[in-house]
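Values below: all heavy atoms of this structure, side chains included; hydrogens, waters and symmetry mates excluded. Lettering of chains follows the sequences in order, A, B, ..., and the numbering in each one begins at 1.
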Amino acid sequence: MVKPATQVKKLEVRDLSIRYGDEIALHSADFDVYENEIFGIIGPANSGKTSFLRAINRMNEMTPGMNVTGMVKFDGIDVKSWRDVYALRSRIGVVFPLPVGLPLSIYDNVALSPRLSGVKSKSELDDIVERCLTRAALFDEVKDRLDSLGSLLSGGQQQRLTIARALSQSPELLLLDEFSIAVDPVTTMRIEDVLKELKKEVTIVLVSNLVAQARRLADRTAFFLGGELVEVGETEELFRGNVQDSRTTDYLEGRFG
Amino acid sequence: MSSFQTTDLNQSNRRKESLVRILLGMVTLTLIIPVGIILVTLIAKSEGTFSWAFFSEFPRNSMTEGGIFPALVGTLWLVAVALLASVPFGVAAAIYLSEYAEDTALTRAINLAIINLAGVPSIVHALFGVGAFVLFFEFGTSILAASLTMAVMTLPVVIVATRESLQAVPQPFREACWNMGATRWQTIWRIVLPNSISGILTGVILEVSRTVGETAPIMFTGAALFLPFLPTSVYDQTMAMSLHLYVISTQVPDVPEGLPYGVALTLIAIVMILNSVSIGFRTYLRGKKKW
Ligand SMILES: Nc1ncnc2c1ncn2[C@@H]1O[C@H](COP(=O)(O)OP(=O)(O)O)[C@@H](O)[C@H]1O
Ligand SMILES: [Mg+2]
């Protein structure tokens with residue numbers, strides 16, 4: 001497997017712990033995510049994967065009871081010390097397990113974020129909408145009905161709409177949380193191709209429910225288990241059995257999870 | 001015995017089933033009988049009362065003749081001013097409670113207070129209105145005092161209806177907006193409110209139709225038995241449909257029999273029209289479901 005093109009650190013996770021009340025969802029995790037790589041995160045349900053994603057863009061502040069200690073540095077700066085949390089979030093695109101087409105037209109779904117950041121010109125918005133829908137491999141299917149409701153598209157289309165919406169933020173970092181859970185296999189493959197292409201420009205953290213998907217896409221992969229970061233390594237090495245912890249191989253080979 | 005054959009148990013169950021159905025049906029029927037009787041009586045007894053003059057003229061001859069024009073206009077004034085006061089406050093409070101407030105002891109206390117406020121009898125609101133608006137704020141007996149009293153009385157309804165419409169908007173929509181860097185207010189303005197506005201309007205209209213018929217809260221705060229002129233500002237007193245009905249039915253001698261029935265039927269018609277508009281809204285809203 002080729003090493004990531006750069007070794008510039010996009011995210012630095014240091015002694016990161018996440019709690020909900022007394023329950024611990026992630027225990028003292030330490031690792032880095034490099035620029036322009038796809039960083040995979042795998043692990044069974046309730047391992048703290050989603051919680052980790054929420055800590056990156058400070059969504060913990062919108063989640064009652066969620067408590068984060070330690071730090072995540074984004075471009076070398078602790079996210080907690082970003083004065084403008086909205087600017088931080090707008091630089092990070094997020095895709096959820098269940099596709100969320102907002103109850104707006106397809107056009108307005110993609111134009112929402114640019115509008116929030118002050119873009120008003122119709123031609124500029126048109127450009128952004130077409131470009132993002134195209135890159136999310138959705139434009140051809142919807143170009144004749146940009147005015148119809150995004151929330152009424154099929155699941156697979158809505159998930160690509162969500163990706164187009166995330167791209168409309170011109171994000172530097174893209175967080176995907178088990179994006180294929182409600183998506184048909186064909187669409188999953190199309191989205192995977194999109195991600196391989198996107199990685200040239202953005203850094204991607206891909207939480208995946210499919211071990212094979214992590215293998216197809218991720219340069220490096222972290223294995224979370226019950227709130228513990230078991231290990232991080234080159235994806236191909238892990239699959240070759242080059243692991244520090246035998247539980248990793250057990251999970252990769254489907255012996256539990 | 002094959003399991004498809006009718007057993008005794010099966011038969012007895014079926015008998016019970018039809019008995020229960022008939023019983024429940026009869027109870028329901030008894031419930032709508034009074035409504036039917038009221039409507040039929042009103043229509044029958046008010047015969048001959050309605051004419052253009054009935055709606056457009058002032059009462060004459062100690063309210064035994066003439067129309068209900070000033071009462072109709074007064075009720076419009078009262079409801080309009082009450083809405084102007086209660087809707088902004090109620091909607092603002094509901095937005096705060098639904099979209100901003102964290103689940104603390106204080107929030108729970110406020111929610112409890114709102115529920116209890118909805119249960120306070122209207123005569124108590126009336127006395128509160130006299131004390132607060134007529135005397136303390138020195139609005140005197142006026143449309144302003146009466147409308148504010150009605151506003152306080154209907155506030156809980158507006159808050160609860162609005163909060164429920166807001167909460168019917170799925171949480172993932174908010175999460176998606178927050179994640180792309182939208183503030184709470186941007187999310188409310190662009191996603192939550194546009195998708196709950198019809199529900200809020202429905203609640204508001206239902207509230208209006210309730211307000212139209214109330215007598216107690218306006219009786220001591222701003223409604224007059226008879227005025228020979230229309231109100232010109234919120235500091236004036238006014239006549240009102242509900243009080244007018246009460247007065248001509250119980251306080252004035254020699255009123256022609258059809259008159260009170262005509263006023264009552266008009267009052268009910270206003271409420272029914274408002275309710276139909278509200279139901280129409282809801283149907284329209286269901287037809288345009290966006291998710
Ligand atoms: N909002 C929440 N409130 C309380 N506990 C939560 C919340 N979200 C997640 N948890 C708990 O945190 C742990 C990790 O959850 P999560 O991060 O969603 O894991 P994963 O995404 O790997 O399935 C679980 O035990 C879960 O029950
Ligand atoms: Mg998860």
Side-chain angles (χ1 to χ4, degrees), chain A residues 50 53-54 56-65 82 84-105 108-118 148-153 158 161-162 164-171 173-177 182, chain B residues 94-111 162-202 281-291:
Chain A
T50 301
L53 296 184
R54 293 175 75 85
I56 299 174
N57 67 351
R58 280 171 54 184
M59 279 302 288
N60 53 299
E61 291 167 13
M62 305 303 258
T63 317
W82 278 66
D84 186 354
V85 66
Y86 307 110
L88 170 73
R89 288 190 191 134
S90 70
R91 288 170 67 177
I92 301 174
V94 184
V95 176
F96 308 95
L98 297 179
V100 183
L102 292 171
L104 301 169
S105 72
D108 289 343
N109 260 279
V110 186
L112 179 57
S113 170
R115 280 179 176 145
L116 289 176
S117 51
S148 59
L149 275 175
S151 42
L152 298 182
L153 291 172
Q158 277 194 52
L161 180 62
T162 313
R165 210 172 54 213
L167 293 178
S168 76
Q169 300 170 224
S170 319
L173 180 64
L174 196 56
L175 310 177
L176 295 114
D177 194 357
Chain B
I95 290 178
Y96 179 76
L97 288 171
S98 159
E99 306 295 315
Y100 287 89
E102 281 165 31
D103 186 22
T104 61
L106 180 65
T107 324
R108 267 180 248 169
I110 292 175
N111 280 321
T162 306
R163 198 181 46 193
E164 273 165 18
S165 318
L166 293 174
Q167 281 175 355
V169 177
Q171 190 63 12
F173 294 164
R174 295 182 182 83
E175 295 258 339
C177 287
W178 297 339
N179 268 295
M180 66 174 78
T183 62
R184 275 187 200 267
W185 178 247
Q186 287 172 324
T187 306
I188 294 166
W189 186 247
R190 291 186 183 256
I191 302 292
V192 180
L193 275 182
N195 286 290
S196 50
I197 195 75
S198 325
I200 296 173
L201 283 178
T202 308
F281 251 129
R282 216 170 354 190
T283 318
Y284 172 76
L285 164 75
R286 287 217 190 100
K288 272 188 57 156
K289 198 79 185 146
K290 286 185 171 178
W291 60 83

Checklist entry - Taking all non-hydrogen atoms of both residues, which atom of P172(B) and which atom of V100(A) are closest, and how far apart? => result O-CG1, 3.8 Å
Checklist outcome for this item: Among E175(B), R174(B), E102(B), the residue with the most heavy-atom pairs under 4.5 Å to chain A is E175(B)
Item to check | Interface residue of largest heavy-atom contact number with chain A, from R190(B), Q186(B), M180(B), under 4.5 Å | outcome: M180(B)
Item to check | Over 12 foreign heavy atoms within 6.0 Å of OH, Y100(B) | outcome: yes
Next on the checklist: With side-chain contact (heavy atoms from CB on, under 4.5 Å) as the criterion, how do L104(A) and I191(B) come out once you've worked through the C-alpha distance, each side chain's angles and the decisive distance to 0.1 Å?
Outcome noted: CA-CA 8 Å; L104(A) 301 169; I191(B) 302 292; 3.7 Å; yes
Checklist entry - Given the options P103(A), A166(A), S90(A), which has more heavy-atom pairs under 4.5 Å with chain B than any of the others? => result P103(A)
Item to check | Top contributor to chain B contacts, counting heavy-atom pairs under 4.5 Å, from D84(A), I92(A), T63(A), L112(A) | outcome: L112(A)
Checklist entry - Do the side chains of L116(A) and C177(B) get nearer than 4.5 Å, heavy atoms only? => result no
Checklist entry - Heavy-atom distance under 4.5 Å between the side chains of R184(B) and M62(A), does that happen here? => result yes
Item to check | Residue N179(B) versus chain A: region with a heavy atom under 4.5 Å | outcome: both
Checklist entry - Which atoms of R165(A) come close to chain B, meaning under 4.5 Å heavy atom to heavy atom: side chain ones, backbone ones, both, or neither? => result side chain
Checklist entry - So which part of R54(A) gets closer than 4.5 Å to some heavy atom of chain B, the side chain, the backbone, both or neither? => result side chain
Next on the checklist: Can you tell me how far apart CE (M59(A)) and CH2 (W178(B)) are? Round to the nearest 0.5 Å.
Outcome noted: 6.0 Å
